[in-house]
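What follows is one structure encoded as structure tokens, with my remarks underneath.
Side chains are part of it too, since the values below use all heavy atoms of this structure and drop only hydrogens, waters and symmetry mates.
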Amino acid sequence: MSGLDARDVRRFVPEPAAVKLDELETFASIDSTNTYLLNQPAPGPARFRVAIADEQTAGRGRRSRRWVSPAGSGLYLSIAYTFERSLEQLAALTLALGVGVADALDGLGIDGISLKWPNDIVAKDGNI
């Protein structure tokens with residue numbers, strides 16, 4: 001990723017999360033951050049891995065729809081997490097995470113944050 005180094009990003013990860021972060025990788029271009037993580041070893045229980053890219057060439061959205069992710073137009077991030085126990089229902093989890101991230105960005109004073117269903121964060125209606 002141009003100008004973004006995984007070591008630099010890790011410096012801003014709060015301690016409670018940093019101790020559970022197995023791997024954080026950045027890419028200038030990748031087929032899909034999600035596909036990449038699916039092909040990596042799963043993190044241990046209650047641990048996670050992160051992949052961040054400037055461009056995805058084969059991103060996919062809900063229902064396997066193509067997700068256009070050109071370089072310089074966004075930040076594409078996927079997180080792999082292993083739950084300690086089985087959860088009966090995870091359907092609302094991605095929506096809850098999206099709302100949490102949008103609220104956190106708003107709390108940092110970043111204006112124009114919105115949520116595109118169910119968990120894609122958009123700044124200033126995509127016009128930055």
Within a strict 4.5 Å, meaning less than it, do heavy atoms of the [X] and [Y] side chains meet?
X: Leu21; Y: Arg10; answer: yes
X: Gln40; Y: Glu23; answer: no
X: Thr26; Y: Asp5; answer: no
X: Ser78; Y: Arg49; answer: no

NZ/NE/NH1/NH2 to OD/OE distance under 4.0 Å, Asp22 and Arg47 | yes
Atom [atom1] of [X] and atom [atom2] of [Y]: how far apart are they, to the nearest 0.5 Å?
X: Ile52; Y: Ile30; atom1: CD1; atom2: CD1; result: 11.0 Å
X: Asn34; Y: Ile79; atom1: CG; atom2: CD1; result: 11.0 Å
X: Asp31; Y: Thr57; atom1: CG; atom2: OG1; result: 5.5 Å
X: Ile121; Y: Ile110; atom1: CD1; atom2: CD1; result: 10.5 Å
X: Leu37; Y: Ser32; atom1: CG; atom2: OG; result: 8.5 Å

If we ignore hydrogens and angles and just use 3.5 Å, is the side chain of [X] paired with the main-chain N or O of [Y] as donor and acceptor?
X: Gln56; Y: Thr33; result: yes
X: Thr82; Y: Pro43; result: yes
X: Asp54; Y: Gly72; result: yes

When you look at Val122 and Ile113, which way does the side chain to side chain contact (heavy atoms under 4.5 Å, CB included) test go after all the steps?
-> CA-CA 6 Å; Val122 178; Ile113 297 297; over 6 Å; no
Chi angles and distances behind the side chain to side chain contact (heavy atoms under 4.5 Å, CB included) call for Val50, Val9 = CA-CA 11 Å; Val50 176; Val9 174; over 6 Å; no
Evaluate the side chain to side chain contact (heavy atoms under 4.5 Å, CB included) criterion for residues Lys20 and Tyr81: first the C-alpha distance (whole Å), next the side-chain angles of each, then the deciding distance (0.1 Å), finally the verdict.
-> CA-CA 10 Å; Lys20 295 182 177 188; Tyr81 180 84; 5.6 Å; no
Chi angles and distances behind the ring-ring contact (aromatic ring centres under 6.0 Å, His included) call for Phe27, Tyr76 | CA-CA 10 Å; Phe27 302 90; Tyr76 309 101; over 10 Å; no
Kindly work out whether a path of hydrophobic side-chain contacts (I/L/V/M/F/W/Y, heavy atoms less than 4.5 Å apart) joins Leu24 to Leu97.
-> yes
